Amino acid sequence: MVELLDEGLGNASSVHGTGRRARALIDEARETIADALGVGEDDVLFTSGGTESNNLAILGTLDAAPAEMAVVTSVAEHPAVLEPVARAEALGRRVTRVPIGADGGLDFEALGAAVGPDPTLVSVMAANNEIGSTTNLARVRSTIGEGPDRVLHTDGVQMLGKLNVDIPGWGVDLASFSGHKVGGPVGVGLLIRCGLPSLSPRVFGGAQERGLRPGTENVAAIAATAEAIRIAVREVAEYAERTSSLARLLWASLRARVPDVRLNGPRIDDPDRLPNTLNISAVRGDSRTLVARLDLGGLEVSSGSACASGSLEPSHVLAALPIDSERARSGVRISIGRSTTEADIHTAVETLGRTLGEAP
Ligand code: PLP
């Protein structure tokens, strides 16, 4: 990215040489991403991030759909899905929010009951950012049925680079991703559109990205995102194995140190859970205070999704689990990163043990 910025890129819509070079870089990035994700080049749309991709997928589908198209989503989605769905509801769409079970997984019986005879857009996340549960999307597809009246979108932001992304196997029509979750620069997202479900743009302007996402492209960041995705997909098995063994070490050591600590969401040995995301409660005050105390101790964790961390309410995901409200209010999310080492895990357990021991 730095090399490309130094080179001084042109506008990819210009026909002169610098413009053509910029266009070629975008074409190459699209091809790299299509190869990595097993989709067609024409299926890849560049956006500014996961939030924009989700908004385009949901509001763009509904805008192009008949008025009777209903929406089915889950209670545990990221705000980048919950809010466009709430907007659609405010504009008159019928919306059903499907509950989750004790392990954070989607309630498939409720999903089946929620999809009626009307055309329906179903939007369910591939992996949950707070508790690390994942969704069997092939099962979602078989539950809701096929055809133009059954549009299936997934927010795949947390899945990319952590577990296999298999868009054809999932049977989704639309999938959102974000480059910065796999080490790319902030400001580039993807909406993968398979089988060309009808979509209206959210912003209007030029012909870039088939007119669905007009505006001059951020070429260097797009090229860097493609490289980040190529590496993340190539190394996914190694990443999953390494972070999952660190997560198990963290959980076992923490339980030995703080016996009443609880894991929220899927069990540690659930083979389908995200390998790197743990959500724990030890009922010692609210999660926000705990996050601040851990930060003072040098451990950076989060409470709920980043977008909700300004609020004192328990996270909507933990509130949706069948756990008591005190436990929900004390949940903190620990993410293991690409550069986390075993020594970091021991330090983290030490800090957690000390802080939880001292907390009121
Ligand atoms: N969806 C999920 C599941 C996320 O975790 C996030 C960000 O954390 C987003 C969407 C939003 O992505 P972005 O920050 O690229 O807009």
Side-chain angles (χ1 to χ4, degrees), residues 30-45 50 53-54 56-58 61 72-74 76-78 81 98 100-101 103-109 111-112 115 120-129 132-179 181-182 189-197 199 225-226 228-241 243-244 266 270-277:
R30 209 184 300 280
E31 198 181 315
T32 302
I33 290 169
D35 275 359
L37 298 182
V39 298
E41 278 167 49
D42 290 346
D43 300 340
V44 179
L45 290 172
S53 298
N54 285 339
L56 178 57
I58 294 165
T61 297
V72 173
T73 189
S74 95
E77 299 297 310
H78 189 276
V81 164
V98 174
I100 54 173
D103 61 356
L106 192 66
D107 180 336
F108 276 90
E109 208 173 304
L111 174 70
V115 179
T120 306
L121 165 66
V122 176
S123 180
V124 286
M125 66 204 319
N128 186 280
N129 49 307
S133 52
T134 62
T135 307
N136 181 337
L137 288 159
R139 186 170 169 204
V140 172
R141 172 52 88 193
S142 66
T143 305
I144 67 168
E146 312 253 352
D149 279 354
R150 295 284 182 260
V151 180
L152 177 56
H153 165 250
T154 191
D155 174 345
V157 167
Q158 289 290 334
M159 199 73 159
L160 187 61
K162 298 190 178 113
L163 291 175
N164 276 335
V165 164
D166 177 12
I167 293 170
W170 292 347
V172 297
D173 300 300
L174 296 154
S176 306
F177 299 102
S178 179
K181 297 292 181 197
V182 290
L190 302 172
L191 180 61
I192 306 297
R193 182 173 65 139
C194 311
L196 302 182
L199 212 54
T225 299
I229 291 175
R230 189 182 68 76
I231 295 168
V233 169
R234 188 186 66 196
E235 294 180 354
V236 69
E238 188 192 321
Y239 170 90
E241 201 183 304
T243 53
S244 133
D270 182 335
D272 296 324
R273 69 168 298 129
L274 278 190
N276 77 321
T277 306

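Along the sequence shown, the residues carry numbers beginning at 1. Quick caveat, the model's predicted, so the values are computed rather than measured.
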Shortest non-hydrogen separation from [X] to [Y] and the atoms involved:
X: Ala126; Y: Gly156; value: CB-CA, 4.0 Å
X: Met125; Y: Thr154; value: C-OG1, 3.5 Å
X: Gln158; Y: Ala127; value: CB-O, 3.6 Å
X: Asp107; Y: Val98; value: O-CG1, 3.4 Å
X: Asn129; Y: Thr277; value: O-CG2, 3.7 Å
X: Cys194; Y: Ile167; value: SG-CG2, 3.6 Å

Pairwise distance [atom1]([X]) to [atom2]([Y]) - rounded to 0.5 angstrom:
X: Leu45; Y: Arg30; atom1: CG; atom2: CZ; result: 7.0 Å
X: Leu190; Y: Asp43; atom1: CG; atom2: CG; result: 11.5 Å
X: Arg193; Y: Thr61; atom1: CZ; atom2: OG1; result: 9.0 Å
X: Tyr239; Y: Ile231; atom1: OH; atom2: CD1; result: 14.5 Å
X: Ile144; Y: Leu152; atom1: CD1; atom2: CG; result: 4.5 Å
X: Leu199; Y: Leu56; atom1: CG; atom2: CG; result: 4.5 Å

Using side chain to side chain contact (heavy atoms under 4.5 Å, CB included) as the criterion, list what pairs up with [X], not counting sequence neighbours.
X: Glu31; result: Glu41
X: Asp42; result: Arg210
X: Ser133; result: Asn128, Ile131, Pro266
X: Asn164; result: Val236

Quick one: are [X] and [Y] in side-chain contact, heavy atoms under 4.5 Å?
X: Leu160; Y: Lys181; value: no
X: Val165; Y: Trp170; value: yes
X: Asp155; Y: His78; value: yes
X: Leu37; Y: Phe177; value: yes
X: Asp35; Y: Arg230; value: no
X: Val44; Y: Ile192; value: yes
X: Val124; Y: Leu106; value: yes
X: Leu163; Y: Leu274; value: yes

Is a side-chain donor or acceptor of Arg150 paired with a backbone partner of Gly145 at a separation under 3.5 angstrom? no
Look at the side chain of Thr73 and the backbone N and O of Ser123, then say whether any donor-acceptor pair between them is shorter than 3.5 Å. yes
Under the salt bridge (Lys or Arg N to Asp or Glu O under 4.0 Å) test, which residues partner Arg234, sequence neighbours left out? none
Tell me every residue that passes salt bridge (Lys or Arg N to Asp or Glu O under 4.0 Å) with Arg141, counting only those two or more places apart in sequence or in another chain. Asp173
Listed by chain and number, what are the side-chain hydrogen bond (donor to acceptor under 3.5 Å, both in side chains) partners of [X], not counting sequence neighbours?
X: Ser53; value: Thr47
X: Ser178; value: His180
X: Ser74; value: Glu77

Give the intermediate values and the outcome of side-chain contact (heavy atoms from CB on, under 4.5 Å) for residues Leu111 and Val140. CA-CA 8 Å; Leu111 174 70; Val140 172; 3.9 Å; yes
Mind running side chain to side chain donor-acceptor pair (under 3.5 Å) on Asp272 and Thr134 for me, showing each step along the way? CA-CA 6 Å; Asp272 296 324; Thr134 62; 5.3 Å; no
Quick check on Glu235: does its CD atom have over 12 non-hydrogen neighbours (other residues, nucleotides or ligands) under 6.0 Å away? yes
